[in-house]
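Ligands are counted one by one from 1 in listed order, and the atoms in each one are counted from 1 as well. Heads up: numbering here begins at 1 and tracks the sequence.
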Amino acid sequence: MAALVAGNWKMNGLAASLGEMVALKDALARQPAACDVLVCPPATLIAQAAGCVKGAFALGGQDCHASPKGAFTGDLSAEMLKDAGASYVILGHSERRHYHGETSEAVAAKARAAWRAGLKAIICVGESEAQRNAGDAPHVCAAQLDESVPQEATSANTVIAYEPVWAIGTGRTPTSAEIAAMHAHIRSSLIARLGAGGKDMLILYGGSVNPGNAGEILGLPEVGGALVGGASLKCDDFLRIIAAVNPA
Ligand code: PEP
């Protein structure tokens with residue numbers, strides 16, 4: 001399975017930012033990526049972005065509601081994201097878990113909604129700094145996986161993102177040995193839970209990935225790509241991260 005480098009723009013980007021998408025499309029036409037590329041802009045930009053990038057890379061949402069439609073003011077369904085041009089949706093990002101009280105059970109319901117709409121779910125897990133310091137990171141992530149990843153998950157419909165909360169947007173990352181150990185642990189948890197379906201499911205690393213550290217992180221065992229926040233906002237930085245993926 002090809003590696004995936006995914007950009008999470010979070011709540012950043014106006015119509016003027018579509019220029020970054022066009023620049024990315026043009027650059028990938030000149031120098032094709034050795035991995036799959038995904039950008040998850042704010043939902044307001046997905047349809048316009050789809051018109052600009054014309055399939056040069058995938059587009060995704062950053063959250064969805066579990067229901068296909070209904071009286072849920074302010075929410076968006078997975079079907080709406082798909083209709084706008086998305087093929088992925090990020091679910092259970094730590095900012096959603098923290099600021100919106102999203103539980104792992106809610107994330108599992110959203111994953112099923114994503115599949116119902118024909119989207120791939122990127123399910124995020126990761127420990128807080130206190131949990132890491134207490135030696136609880138493996139246990140916390142395994143519990144989040146158990147509760148957030150439905151039993152029907154396969155490598156065709158789901159990607160896992162390991163994102164230590166304390167590394168997101170801080171410029172701090174775990175050591176390479178720590179990332180490799182967590183990815184190995186996540187792989188065995190997925191296999192224990194899903195059997196063969198867990199063997200080749202992509203596990204992305206996310207948390208302060210930048211052009212300077214991408215090569216080392218992306219070369220680690222069981223790291224199937226990266227989920228990139230801040231460094232995905234500028235096409236040049238994002239391209240340098242994409243270029244750090246070694247051809248399979
Ligand atoms: C993220 O928000 O998923 C993320 C990894 O952010 P950053 O790369 O800015 O740490």
Work out whether the distance between some heavy atom of Ala231 and some atom of ligand 1 is less than 4.0 Å.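 The answer is no, since Ala231 has no heavy atom less than 4.0 Å from ligand 1.
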Which segment of Asn8 sits under 4.0 Å of ligand 1 when only heavy atoms are counted: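 It is the side chain that touches ligand 1; the backbone stays farther off.
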Of the backbone atoms (N, CA, C, O) and the side-chain heavy atoms from C-beta on, which set of Cys124 has a member under 4.0 Å from an atom of ligand 1: side chain, backbone, both, or neither?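 Within the 4.0 Å criterion, Cys124 makes no contact with ligand 1.
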Taking atom CD as the centre, does Glu216 end up with more than 12 heavy-atom neighbours from other residues, nucleotides or ligands that are less than 6.0 angstrom away?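 Counting other residues, nucleotides and ligands, CD of Glu216 stays at 12 neighbours or fewer.
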Gln31, CD: over 12 other non-hydrogen atoms inside 6.0 angstrom: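 No, the 6.0 Å shell around CD holds no more than 12 heavy atoms from other groups.
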If you measure only the distance, is there a donor-acceptor pair under 3.5 Å linking the side chains of Gln131 and Ser128?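 A pair is found: one side chain offers a donor N or O, the other an acceptor, under 3.5 Å apart.
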Side-chain ([X]) to main-chain ([Y]) donor-acceptor, under 3.5 angstrom:
X: Gln62; Y: Cys40; result: yes
X: Ser104; Y: Ser148; result: no
X: Asp26; Y: Ala23; result: no
X: Arg240; Y: Asn210; result: no

Looking only at protein heavy atoms, which one is nearest to [atom], and what is the separation?
atom: atom 5 (C) of ligand 1; value: Glu163 OE2, 3.0 Å
atom: atom 1 (C) of ligand 1; value: His93 NE2, 3.2 Å
atom: atom 8 (O) of ligand 1; value: Gly229 N, 2.8 Å

Return a yes/no value for Ser208: is any of its N or O atoms, backbone included, closer than 3.5 angstrom to an N or O of ligand 1?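 Yes - when backbone and side-chain N and O of Ser208 are compared with those of ligand 1, one distance drops under 3.5 Å.
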Output the list of atoms in ligand 1 that are nearer than 4.0 Å to some heavy atom of [X], sorted by atom number.
X: Ala167; answer: 10 (O)
X: Gly207; answer: 5 (C), 10 (O)
X: Gly230; answer: 7 (P), 8 (O), 9 (O)
X: Gly169; answer: 7 (P), 9 (O), 10 (O)

